Chemist: 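Got a structure here, written out as structure tokens. Questions coming.
Only a predicted model underlies this, so the values are computations on that prediction, with no experimental measurement involved.
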Amino acid sequence: MEKVKMKKQIGEEPLEEQEEQKRPWWKELLSYIWMIVFACALALLVNRYVLINAEIPSESMENLLQVDDRIFGCKLSYLFGEPQRYDVVMFKYPVHEDTIYIKRVIGLPGETVEIKDGGIYIDGSDTPIEENYLPEEWVEGNDGYFFEVPTDHYLMLGDNRNISEDARYWAQCAIDDGVADNKEEAQAYTYVHKDQLIGRAVLKYYPKFHLFLNI
């Protein structure tokens with residue numbers, strides 16, 4: 001009996017290994033094809049519904065973002081919450097929605113925002129909000145602006161205020177581009193509606209890695 005047992009252990013291969021050896025080559029190839037198809041489909045879904053892959057075209061968000069920086073944004077950022085002040089977000093430009101902008105959230109729905117002497121004052125506060133991300137002294141378009149942010153809308157400004165084309169100028173852009181007929185109509189293009197939000201910037205991956213966090 002002992003000899004018979006030994007013979008089986010030495011001479012016989014496990015059933016799983018026998019089946020693996022008998023497996024046709026085309027089935028092996030098919031399994032690899034299915035893995036590739038699944039990976040491609042998953043990548044397409046993530047790209048369409050989860051991630052935003054963007055390249056920065058201008059200097060309006062310096063020093064946080066430089067020209068040609070590449071970043072990832074998340075389309076699900078506001079699925080269960082609302083944008084917060086200082087979030088860096090990507091959105092459809094109100095004047096021409098086929099253009100995507102990236103700016104910083106400054107005014108929230110229902111707030112008043114006053115720009116006065118290079119400071120931003122929320123709801124009549126005596127103290128300006130803290131903005132330690134500005135790259136240089138703010139001297140252009142730094143005074144004489146007052147905004148009443150409508151419900152479900154946000155006020156967006158660039159960090160590099162001296163050159164940024166942001167909410168301060170969009171009403172005039174709407175008139176200049178023939179999108180609005182007068183100043184009253186143009187005011188609607190000053191703000192970004194929540195439905196125009198695409199997602200929040202999450203990280204910069206090129207040329208250097210940087211995770212975006214609120215100040």
Side-chain angles (χ1 to χ4, degrees), residues 56-67 69 77-78 81-97 99-201 210 212-215:
I56 304 304
S58 74
E59 302 169 338
S60 68
M61 286 299 293
E62 291 182 348
N63 288 325
L64 179 66
L65 297 171
Q66 313 290 329
V67 175
D69 280 356
S77 297
Y78 303 122
E82 300 297 327
Q84 302 299 308
R85 196 177 340 274
Y86 304 123
D87 283 0
V88 176
V89 299
M90 284 165 272
F91 55 91
K92 297 176 182 178
Y93 174 39
V95 180
H96 298 291
E97 289 198 355
T99 302
I100 305 304
Y101 272 20
I102 180 167
K103 304 290 181 187
R104 193 180 293 270
V105 177
I106 296 299
L108 302 177
E111 291 184 337
T112 62
V113 180
E114 184 176 9
I115 298 176
K116 181 174 60 176
D117 296 328
I120 293 178
Y121 299 82
I122 306 295
D123 289 339
S125 172
D126 294 330
T127 305
I129 63 173
E130 187 174 341
E131 296 192 284
N132 56 16
Y133 44 75
L134 300 185
E136 60 187 8
E137 183 182 0
W138 181 11
V139 295
E140 295 292 334
N142 70 347
D143 189 64
Y145 292 89
F146 185 83
F147 305 95
E148 295 181 349
V149 186
T151 302
D152 294 333
H153 288 74
Y154 297 87
L155 182 76
M156 308 289 190
L157 298 178
D159 288 357
N160 194 356
R161 303 278 164 76
N162 292 326
I163 66 167
S164 176
E165 183 184 286
D166 49 40
R168 293 169 292 171
Y169 310 115
W170 292 344
Q172 187 59 50
C173 288
I175 294 174
D176 293 344
D177 292 353
V179 177
D181 293 329
N182 52 61
K183 290 184 177 180
E184 185 176 350
E185 286 184 12
Q187 288 304 309
Y189 297 92
T190 298
Y191 309 99
V192 176
H193 190 273
K194 66 179 183 179
D195 290 341
Q196 295 171 318
L197 297 175
I198 297 174
R200 179 182 176 186
H210 176 80
F212 298 129
L213 298 171
N214 288 349
I215 63 172

Chemist: Drop me the distance from Q66's CD to I56's CD1, to the nearest 0.5 angstrom.
Modeler: 10.0 Å

Chemist: Going by the salt bridge (Lys or Arg N to Asp or Glu O under 4.0 Å) test, name the single residue among D166, D87, D159 that passes it with R104.
Modeler: D159

Chemist: Could you state the interatomic distance from CD (E165) to OH (Y93), rounded to the nearest 0.5 Å?
Modeler: 4.5 Å

Chemist: Where is the tightest heavy-atom contact between Y191 and V149, given as atom of each residue plus distance?
Modeler: CE2-CA, 3.9 Å

Chemist: Any side-chain heavy-atom pair from F91 and I100 closer than 4.5 angstrom?
Modeler: no

Chemist: For V105 and E82, what are the C-alpha separation, side-chain angles and deciding distance, and is it a side-chain contact (heavy atoms from CB on, under 4.5 Å)?
Modeler: CA-CA 11 Å; V105 177; E82 300 297 327; over 6 Å; no

Chemist: Kindly indicate, with the supporting measurements, whether the criterion side-chain contact (heavy atoms from CB on, under 4.5 Å) is fulfilled by I163 and E62.
Modeler: CA-CA 10 Å; I163 66 167; E62 291 182 348; 5.7 Å; no

Chemist: Would you mind reporting whether I120 and L157 have side-chain heavy atoms less than 4.5 Å apart?
Modeler: yes

Chemist: Which heavy atom in Y101 sits nearest to a heavy atom in T99, and how many Å separate them?
Modeler: CE1-CG2, 3.6 Å

Chemist: Take atom CD of E136 as the centre, draw a 6.0 Å sphere, and report whether it contains more than 12 heavy atoms from other residues, nucleotides or ligands.
Modeler: yes

Chemist: Is there a donor-acceptor pair under 3.5 Å between the side chain of R85 and the backbone N or O of I106?
Modeler: yes

Chemist: Under 3.5 Å, is there a donor on one side chain and an acceptor on the other for Y154 and Q196?
Modeler: no

Chemist: For residues A186 and A174, report the shortest heavy-atom separation together with the two atoms involved.
Modeler: CB-CB, 4.4 Å

Chemist: NZ of K92 to CG of D195: how many Å apart, nearest 0.5 Å?
Modeler: 8.5 Å

Chemist: Strictly distance-based, threshold 3.5 Å: is any side-chain N or O of R168 a donor or acceptor partner for the main-chain N or O of G141?
Modeler: yes

Chemist: Taking all heavy atoms of D152 and all of P109, pick out the closest pair and write down the distance.
Modeler: N-CB, 3.7 Å

Chemist: Please report the shortest heavy-atom distance between G107 and V113, naming the atom on each side.
Modeler: CA-CG2, 3.8 Å

Chemist: Within the distance-only criterion (no hydrogens, no angle test), does the side chain of Q172 pair as donor or acceptor with the backbone N or O of Y169 below 3.5 angstrom?
Modeler: no

Chemist: Ignoring hydrogens and geometry, is there a side-chain-to-backbone donor-acceptor pair from D69 to L65 under 3.5 Å?
Modeler: no

Chemist: Near E148 CD, under 6.0 Å, is it more than 12 heavy atoms from other residues, nucleotides or ligands?
Modeler: no

Chemist: Does a side-chain heavy-atom distance below 4.5 Å link K183 with I175?
Modeler: yes

Chemist: I'd like to know if the side chain of R161 reaches the main chain of G118, judged simply by a donor and an acceptor atom lying under 3.5 Å from each other, with no hydrogens or angles considered.
Modeler: no

Chemist: What is the distance from atom CD1 of I102 to atom CG of L64, rounded to the nearest 0.5 Å?
Modeler: 7.5 Å

Chemist: With D143, which residues qualify under salt bridge (Lys or Arg N to Asp or Glu O under 4.0 Å), at least two apart?
Modeler: none

Chemist: Let's go through F147 and T112 carefully: what are the C-alpha distance in whole Å and the side-chain angles of both, what is the deciding distance for side-chain contact (heavy atoms from CB on, under 4.5 Å) to 0.1 Å, and is it a yes or a no?
Modeler: CA-CA 6 Å; F147 305 95; T112 62; over 6 Å; no

Chemist: Within a reach of under 6.0 Å around CD of E97, are more than 12 heavy atoms found that belong to other residues, nucleotides or ligands?
Modeler: yes

Chemist: Between atom CG of N160 and atom CD of E140, what is the distance when rounded to the nearest 0.5 Å?
Modeler: 11.0 Å

Chemist: Whether the Q187 and Y189 side chains hold a donor-acceptor pair (N or O, under 3.5 Å, no angle test) is what I'd like checked.
Modeler: no

Chemist: Looking only at non-hydrogen atoms, find the nearest pair between V95 and W170 and report the distance.
Modeler: CG2-O, 3.6 Å

Chemist: Quick check with a 6.0 Å cut-off and a 45 degree axis cone: is K194 positioned over the face of Y78's six-membered ring?
Modeler: no

Chemist: How far does CD1 of I129 sit from OH of Y86, to the nearest 0.5 angstrom?
Modeler: 4.0 Å

Chemist: Can you check whether S60 reaches K103 side chain to side chain, under 4.5 Å on heavy atoms?
Modeler: yes

